[in-house]
Amino acid sequence: MCGIFCVHSKKRLTDHKRKYDDALKSMSHRGPDNFDSKVFKNVFLGHTRLSIVDTSESANQPMSFKNLTITFNGEIFNYKDLRNDLILNGYEFKTNCDTEVVLFLFDFYGSDSFSKLNGFFVLAIHDSKLDTLTIARDRFGQKPLFYHRSIDKNFIYFSSEIHALKTIIQLQPNQKCVSDFLLDGSFDSNNSTFFNGVFEFNQACYLEIRSNGNYSLNRYWDYPVEARTASSDAKEQFVSILKDAIKIRLQADVPRTLLLSGGVDSTVILNLVDRLNSLNGLQTFSYDNIVSGEFLDAKNIADHHSVPINRVTMDHLSFDEFRKTLMDLVYHLGRGHSSPAILPFNFLMSTIRDSGFKVVLDGQGADEILSGYKHYYWFVGLTYLTKLQFVKLLNFIAAVGPMSFVKSFPLFIKFILPKHFLRIAHIFLSSRILLINNFKDADLPVFTETVLEKKKFSIYKWYLKKMHLIGLKNLLYYSDIVAMKNSIENRSPFMDFRLVEYAFRSPMEFAVSGNDNKTVLREYLEENNLNSLITPGKSGFTTTLSDEFVDKMISELSCSEILYTYTRFARLKAPNAKVQLSRLSHRSLFRLYQVHLHHLLFFTSSDEA
């Protein structure tokens, strides 16, 4: 896990190395263990390293082999199997790291190598013989990558974090993207960002840029359609894949730990770690928000497995600490986050770092493939309806309860309505909460991929894919940025592409049965006598904003320049602005405050921030 900064130019780059190195150094938190770069005629490759596998200097990057040079961010968890195959094909290794495996694999298979990688990654490979630069990103976008093309189209910059581009280009706000975020916290933005002309690189794609600037963007993976009928050993197969996903994610030459929430996902992971006989030296960490009492559940589960648990809390956080931490998070994210949950996650990561760990396992991704949210119920019901399975539909409604449908109705509507209908709804919404949404659409991304044949999904699997592409994508992004801000690599076994493919190919009942979601995991817990340790209704990372914090946020916002851009009461005097701001929900206020901090960080002088 590291940070990369790359440049492709139609002109010679030898005179620009120092400023590119400065951009790279701004991401030293992503890789505090080593810093290096290489410049070629028209390509710059920079790398900051967080040493996880083979911590020796020989595994530092950029790394070269014959005419190829690579800078690589991520981990390839099946690298040992790939390495053995390459040895059989005559390759001789000088290191024990996964980077060398990726480099040799690309030398042998070319772009076909990316589909063979099981892990998360962003990479850039320069071929001095063909004079090309190849960029690739993992299937689900777990590793971030952003890019910007200069106005004269001579330079293209790639960076693991947006703020590094600030040292190279003059950033300008993307008001449409910011406005959409303020209205509902979502970030379905067609790879746009809070900055004009800065885009997120496509997941599951690779880009080849030639010396003259011509390029091709291709997709190397896509979600499979439902193909498998229910089998008697479906649960056993899924658990077997999950167990192996955990096993290969425990590989590390540094200490590793586990996030334990007291919920289904992390409990299953901990139990399978126990079955792998890998609990020795393992510690767990859990956030205690006091109100929910979930830490006690997590402690019971840790005690059951005889592993230590570390309690993390924000009990004594002052507003100044809150503001400083949030500003730091907004800077690294390059945008805001939808809820204050990002704060306890940051404190978890900083505590894990200060405890001497570099690797942490989490349960991210289970909800999205196993219908872990109640708004999935609508699509389960619609599936029964379209198949004319009325008895199953009525039994399902009776099992989950009509109120589950009522409570999740707003999210259901949000995800099924086309964007233009949502904009009409926002006209009413924005007049009520005083936010503006009349900005022009954001610029289109520079790179457009070659579209594969469109696949037909059932209603349920269509929604599953939508949540995986949008909702989960945002969670993965903040998870990586916050963890790497603290020099921590977070690994998510449920993001193993084999599990995702298995869930997408399996029938709906694999995930939802009776009144339960995550059926396969709940059955596993029951068979192993662990279900009694799980308290229903786990709320996840939550934190509430105190009245003191809300008042101080409103006071600061009432004088903010952003009111002139994004609200309808921009010209009101400060006392009236405070009254209007107090009518916002805490989540809306939190988002607006982050946009204020974002403006101070990127568009004002350092003295004002």
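Here the structure is a predicted model, which means the values were calculated and not measured. Computation of the quantities below employed the complete heavy-atom set of this structure, encompassing side-chain atoms and omitting hydrogens, waters and symmetry-equivalent molecules.
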* To do: Take K176 and D180, measure what salt bridge (charged side-chain N to carboxylate O under 4.0 Å, His left out) needs, and give me the verdict at the end.
  => CA-CA 6 Å; K176 174 60 180 172; D180 287 345; 3.3 Å; yes
- Item | Heavy-atom donor-acceptor pair, T325 side chain to E321 backbone, under 3.5 Å | yes
Any idea how Y147 and F201 line up, ring-wise: parallel (<30°), tilted (30 to 60°), or perpendicular (>60°)? perpendicular
Practice prompt. Would you tell me whether R335 and N474 have side-chain atoms, one donor and one acceptor, within less than 3.5 Å of each other?
Written response: yes
**Study point:** Close aromatic pair by centroid cut-off 6.0 Å: Y331 and F602
**Key:** yes
* Looking just at side-chain N and O atoms, do D320 and S318 make a donor-acceptor pair shorter than 3.5 Å? -> no
Check your understanding: So does E200 pair up with R137, basic N to acidic O under 4.0 Å?
Key -> yes
message: So does F5 get a backbone contact from the side chain of S159, meaning a donor-acceptor N/O pair under 3.5 Å?
response: no
Item checked: Donor-acceptor pair between S479 and N490 side chains, under 3.5 angstrom -> yes
Between the CG atom in L333 and the CG atom in D328, the distance rounded to the nearest 0.5 Å is 9.5 Å
Between F140 and the options F494, Y477, W221, the ring pair (Phe, Tyr, Trp, His ring centres under 6.0 Å) test singles out W221
Check: F195 ring centre within less than 6.0 Å of F146 ring centre
no
The residue among L601, L557, V330 that forms side chain to side chain contact (heavy atoms under 4.5 Å, CB included) with H596 is L557
Here the gap from I459 atom CD1 to T386 atom OG1, rounded to the nearest 0.5 Å, amounts to 4.0 Å
Item to check | Within 6.0 angstrom of D547 CG, more than 12 heavy atoms from elsewhere | outcome: no
Applying side-chain contact (heavy atoms from CB on, under 4.5 Å), run through V178 and Q594 and close with a yes or a no.
-> CA-CA 10 Å; V178 174; Q594 289 178 93; over 6 Å; no
Between R30 and the options I4, T48, L24, the side chain to side chain contact (heavy atoms under 4.5 Å, CB included) test singles out T48
Of L348, V482, V360, the one forming a side chain to side chain contact (heavy atoms under 4.5 Å, CB included) with I488 is V360
K552 and E548 ion-paired at < 4.0 Å: yes
query: When the ring centroid of F199 is compared with that of F447, is the distance short of 6.0 Å?
result: no
- Task: Look at E501 together with R139 and state whether they make a salt bridge at an N to O cut-off of under 4.0 Å.
- Result: no
Closest non-hydrogen contact found for A511 with S371 is CB-OG, 4.0 Å
- Could you tell me whether a side-chain N or O of K465 sits under 3.5 Å from a main-chain N or O of P224, the two making a donor and an acceptor? no
Distance flag, aromatic centroids of F322 and F319, threshold under 6.0 Å
yes
